[in-house]
Amino acid sequence: MLADLLKQGPRVVDADQAERRLGDMLAASSRLSKLVNKRPPLADFLKGVFDGSSYLWSLAERDPDRFATLLGADADEMATSILASMAAAAGPDTDRNAAMAQLRQGKRDAALLAGICDLGGVWPGRRVTAFLTDMFDAAISAAIRQLLWEATARGQFHPQDPADPERGSGLIIWGMGKLGAREINYSSDIDLIVFYDPAIAPLADGVEPGPFFTRLTQHFVRMLQDRTADGYVARTDLRLRPDPGSTSVAIPVEQALVYYETVGQNWERAALIKARCCAGDIAAGEAVYAELAPFIWRKYLDYAAISDIHAMKRQIHAHRGHGAIAIEGHNVKLGRGGIREIEFFAQTQQLVAGGRNPELRIKDTESALGALVEAKWISPEARDELVEAYWFLRGIEHRLQMIADEQTHVLPDSREGMERFARFCGYSSRDELAAALMQRFERVEEHYAHLFEDAPTLSSTAGNLVFAGEDDDPETLATLSRMRFEDPVRVLQLVRGWHHGRYQSMKSARARELLTELMPALLQAFAETYRPDAALIAFDHVLGRMPAGVQFMALLRSNPSLLGLIADVLGTAPRLGEAVARRPHVLDAVIEPSFFASVPTLEEQSSRLSVALNEAESYEDVLNRARIFGQEQMVLIGVRVLSGTLPPEQAGAAFSRLADLMIQTLTKAAESEIVTVHGRVPGGEAAILAMGRLGSCEMTASSDLDLILLYDHDNDVQGSDGRRELSPTQYFSRLIQRSVSALTAQTAEGALYEVDMRLRPSGRAGPLATRITAFERYQAEEAWTWEHMALTRARVVTGSEAFRAHVETAIREILCRKRDPRKIARDVTEMRTMIAQEKGDADPWDLKLAKGGLLDIEFLIQYLQLVHANARPEILTTSTGAALDVLKSHDLLSVGDWEVLKSAHRRYHALMQVLRLCLKGRFDPGTAGEGLLRLLARSAGLPDFAALQAELRDDQVAVRKIFKRVVSA
């Protein structure tokens with residue numbers, strides 16, 4: 001009998017509790033009392049069991065006589081009896097609740113028998129796991145039969161064999177993981193995949209297979225999983241099925257085959273090694289498995305699978321108990337040197353060579369290791385050491401789970417807890433157990449590390465990163481939170497979607513393998529940006545719009561600096577990030593080695609734009625193609641700035657040069673449209689003036705276009721010469737309207753720029769287009785000082801050479817008029833004060849409006865130009881930086897003032913370029929990410945952000961002093 005075979009047992013820690021628990025049971029059962037009294041060693045064994053495991057004690061205490069029967073029986077015969085009872089739980093006339101009760105009784109008996117046989121050394125580990133597997137198989141099959149018989153009674157299902165409704169049912173239940181390999185844990189979830197074949201399912205007419213099998217599966221899970229007064233049978237997990245986030249709990253066979261053949265991943269291949277049809281239509285299930293053989297077992301040596309699966313394993317290692325071999329708190333399954341490493345050691349090599357060697361297609365770990373020896377992949381010594389460690393660790397795992405019927409794999413995290421657990425395992429002390437564990441952990445890690453010795457380090461130092469399957473790993477969510485992601489659940493879902501190949505770019509197995517390797521570095525790069533969540537979402541949009549991802553992923557893998565740059569673009573610079581997300585192929589240019597070497601010249605850009613527009617089929621097509629080109633070029637300028645290859649002070653010229661090209665091109669296109677309908681104005685000329693930052697060639701990524709259109713024509717002309725005549729005023733107003741619309745209209749490809757025409761004569765009250773003579777008269781007789789200040793930055797960007805020269809001469813004559821310095825100083829000061837009152841000047845990071853900011857420098861320059869241009873017209877230049885140099889060279893600025901203003905202007909402009917690239921609103925250093933702060937410091941040529949703030953404060957104080965001194969003179 002079983003009681004006579006118990007060879008070993010747990011050691012008592014709490015003697016009072018052990019005595020009390022056993023005493024209560026002996027008092028409740030005379031049969032158990034007689035059994036124990038005749039066998040004194042049995043009493044000590046039971047005390048150790050009941051003291052260490054509240055779960056086993058509760059099972060025995062529930063029915064002491066039944067427990068006595070178990071101890072007095074032959075263990076193998078009792079196992080057979082339990083399995084037979086569970087198989088008989090279902091029946092055509094059986095009530096479902098009665099069947100559930102009988103299955104739960106069988107589960108309790110099986111758990112008690114397996115626990116006693118395991119702790120007492122009656123059964124080796126492989127026998128324990130095989131029996132537990134048989135128990136779950138019997139329960140699954142009984143539940144399925146019960147539900148099919150019920151469906152038969154309702155007239156929905158017509159079984160081929162009424163006595164065996166599973167056969168020919170088309171319902172396929174695959175056991176996965178350790179259930180499939182017949183080596184299930186003591187207290188384990190059962191991982192299942194449910195398929196159905198509607199072509200063979202014997203359903204009644206009018207019964208839809210999808211809803212029928214989905215509801216059946218839901219009821220089946222409840223039959224096993226629901227906790228009743230009798231307990232439960234098994235926690236059931238269906239999340240290993242194909243793409244569980246978007247599929248039903250029961251999946252049509254054809255859909256599953258398509259999934260695996262198109263987007264199945266290496267971790268799913270590894271999981272399917274252990275898949276076994278454990279219930280339902282066994283023949284159909286085995287046929288489906290045979291069809292998947294080409295997916296699981298590749299004909300070539302699949303070394304890519306090693307790096308992919310190892311990448312997933314290393315993600316698991318990156319938290320306490322996983323990152324290094326430990327004792328307290330170590331995970332005997334997932335930690336280093338643990339059970340999972342032994343399983344991966346076998347599975348990866350099976351995947352590599354199993355396609356060419358069918359002998360390696362084995363489900364259980366011990367047999368797989370043996371087959372690898374026969375195939376000369378590993379040595380007999382490696383097999384023996386790994387097999388011994390495997391069953392030793394499985395025994396420890398079982399004891400962890402026996403304590404309270406928990407699916408845990410983690411050793412107690414305190415020395416006191418380890419002392420108690422060691423005695424439950426039969427050891428005399430924590431140190432004795434620790435030595436035994438460490439010996440196995442180190443041995444396993446040595447073999448595992450040898451297999452992957454050339455693999456790169458991928459783990460994140462922040463913690464656990466596990467995205468395989470559909471389970472939201474709590475440690476991974478905690479890691480993502482520590483990495484500054486605000487919505488870790490959404491991040492996990494997005495990443496899981498990539499792994500499931502939900503985008504075209506990620507349907508390739510190789511793309512997903514590369515993604516697995518990249519993931520820790522990718523997330524870390526995003527975490528360091530200004531807005532980690534936004535960066536990841538933008539990257540998701542990039543992947544969603546890419547036709548293929550292998551080249552992109554491979555590029556990121558081989559160029560870590562490019563990964564950081566893309567993360568900066570997507571997370572630190574939302575304007576750029578949105579543009580990249582809309583058009584990810586813009587990154588193709590970044591990939592080219594020449595990208596960082598130089599900025600395209602105006603001629604090169606013009607040539608590329610011409611090529612793009614030459615293929616346009618309509619005016620609308622011209623607008624769309626122009627937008628694509630312009631937006632992409634803006635992105636590339638921004639990327640160069642963020643990467644540090646284009647100094648911010650040169651970015652203004654690059655943005656402005658691009659804007660000039662787009663204005664010239666689209667104005668010409670708009671004019672062509674007008675000419676088609678309205679003809680031309682005889683002798684007519686038009687020129688567009690660029691004002692503001694465009695005029696000074698200091699545009700940023702968010703600058704508006706400040707424009708004025710001037711025109712002229714023969715005095716005797718009354719109208720245009722087209723089929724629909726327009727007066728000259730109407731004609732040129734229509735031209736600027738059409739040109740502005742070409743730049744600003746929201747087409748299918750978005751908009752290019754915002755345009756501001758408020759600097760035209762009389763502002764909003766004036767006509768859209770102004771004749772040159774009226775412009776000259778207005779500037780001479782009506783314009784305010786601030787309008788002449790604005791005119792110092794006027795630059796002609798379109799028009800014939802002759803008319804451009806005419807306009808430039810007119811502007812120069814206006815600016816070179818003799819002026820009263822005191823009046824100009826007073827007007828400039830009043831204008832500056834009014835702006836400060838209306839818009840504020842207290843925020844030092846409002847680089848334009850702050851006291852001592854850009855506006856003070858610009859107003860100071862414009863004051864000096866207006867006052868001194870009459871005597872020295874050569875000081876007129878539209879560029880702020882150049883103007884400072886010219887004013888110094890003409891002794892209108894002292895060397896000391898010039899140095900302060902020049903340095904401050906360069907720094908302000910650099911910072912403004914970065915801020916306009918990165919932000920849409922106000923900059924707040926307190927909420928900005930580290931990446932943005934570093935970028936700002938770098939752009940200003942300073943070591944850190946603290947130094948930058950100090951320099952900025954000094955700059956603004958010094959500039960303000962100079963402004964007040966110079967402009968008030």
Side-chain angles (χ1 to χ4, degrees), residues 6 8-25 41 43-61 111-112 115-116 118-121 125 185-188 316-341 389 391-445 463-464 473-475 478:
L6 299 172
Q8 58 196 42
R11 301 177 183 228
V12 172
V13 175
D14 186 340
D16 290 341
Q17 173 177 264
E19 289 282 359
R20 183 175 64 256
R21 286 183 169 177
L22 179 59
D24 290 344
M25 291 186 62
D44 293 334
F45 173 82
L46 293 179
K47 287 177 186 177
V49 172
F50 296 157
D51 179 47
S53 170
S54 58
Y55 176 59
L56 290 173
W57 170 75
S58 69
L59 292 178
E61 188 262 348
L112 194 52
I116 296 299
D118 195 342
L119 290 171
N185 295 340
Y186 182 80
S187 179
S188 176
I316 296 171
H317 278 162
H319 71 285
R320 183 187 175 209
H322 294 190
I325 292 180
I327 296 300
E328 279 76 15
H330 195 69
N331 191 309
V332 299
K333 177 183 178 182
L334 303 180
R336 291 199 184 276
I339 296 165
R340 182 58 59 84
E341 288 193 353
W391 288 115
F392 176 84
L393 295 175
R394 289 299 307 274
I396 297 297
E397 178 185 49
H398 282 180
R399 281 150 183 77
L400 286 169
Q401 296 174 352
M402 284 178 196
I403 294 173
D405 188 29
E406 296 175 335
Q407 191 192 17
T408 182
H409 314 278
V410 180
L411 294 168
D413 59 6
S414 67
R415 188 176 184 91
E416 180 183 3
M418 274 299 300
E419 287 284 358
R420 182 175 182 87
F421 180 65
R423 295 184 69 81
F424 181 59
C425 293
Y427 290 86
S428 61
S429 68
R430 174 264 179 205
D431 290 343
E432 185 182 5
L433 173 58
L437 284 166
M438 190 63 72
Q439 177 187 356
R440 274 75 176 191
F441 289 151
E442 290 177 345
R443 185 181 299 160
V444 171
E445 185 184 40
N464 205 24
D473 174 48
E475 286 292 332

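Just so it is clear, the values below take in all heavy atoms, side chains as well, and ignore hydrogens, waters and symmetry mates. In this text the structure is predicted, and so the values were computed from the model without any measurement.
Checking side-chain atoms of Glu341 against main-chain N and O of Gly337 turns up a donor-acceptor pair under 3.5 Å.
Asp405 is not listed as a side-chain neighbour of Ser54, based on a closest heavy-atom distance of 4.5 Å or more. The shortest side-chain heavy-atom distance between Leu437 and Leu411 falls under the 4.5 Å cut-off. Residues Lys333 and Glu397 form a side-chain contact, since some pair of their non-hydrogen atoms from C-beta on lies under 4.5 Å apart. Within the 4.5 Å cutoff, the side chain of Met402 has heavy atoms near those of the Leu119 side chain. The shortest side-chain heavy-atom distance between Ile327 and Met438 falls under the 4.5 Å cut-off. Between Arg420 and Asp51, the closest side-chain pair of non-hydrogen atoms falls below 4.5 Å. Residues Phe424 and Val13 have side chains not in contact (no heavy-atom distance under 4.5 Å, counting atoms from C-beta outward).
Closest heavy-atom contact between Ile396 and Cys425: CD1-SG, 4.0 Å. Scanning all heavy atoms of the two residues, the minimum distance from Leu433 to Met418 falls at CD2-CE, 3.8 Å. Here the shortest heavy-atom pairing between Val410 and Gly329 reads CG1-O, 3.5 Å. For the pair Ala422 and Ser429, the tightest heavy-atom approach, listed with the atom from each and the gap, is CB-O, 3.3 Å. Closest approach of Ala436 and Tyr427 over heavy atoms only: CB-OH, 3.9 Å. Nearest heavy-atom pair across Glu328 and Arg415 is OE2-CA, 3.6 Å.
Atom CD of Gln401 is separated from atom CD of Gln407 by 6.5 Å, given to the nearest 0.5 angstrom. Summarising the geometry, atom CG belonging to Leu56 is positioned 8.0 Å from atom CZ belonging to Phe50; distances are rounded to the nearest 0.5 Å. Note that the CG atom of Leu46 and the CE atom of Met25 stand 7.5 Å from one another [nearest 0.5 Å]. To the nearest 0.5 angstrom, Asp118 atom CG is 8.5 Å from Gln8 atom CD. For the atom pair CG (Leu400) and CZ (Phe421), the distance works out to 3.5 Å, reported to the nearest 0.5 Å. Rounding to the nearest 0.5 Å places CD of Gln17 at 12.0 Å from CG of Leu22.
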Walk me through whether Arg394 and Val332 qualify under side-chain contact (heavy atoms from CB on, under 4.5 Å). CA-CA 8 Å; Arg394 289 299 307 274; Val332 299; over 6 Å; no
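In this view, Arg11 satisfies the salt bridge (charged side-chain N to carboxylate O under 4.0 Å, His left out) rule with no residue, not counting sequence neighbours.
Salt-bridge formation is not detected for the pair Asp14/Arg423: no Lys NZ or Arg NE/NH1/NH2 atom is positioned less than 4.0 Å from an Asp or Glu carboxylate oxygen.
Both tests hold for Arg440 against Phe392: distance to the six-membered ring centre under 6.0 Å, angle to the ring axis within 45°.
The aromatic rings of Tyr186 and His398 are tilted relative to each other, their planes meeting at an angle between 30° and 60°.
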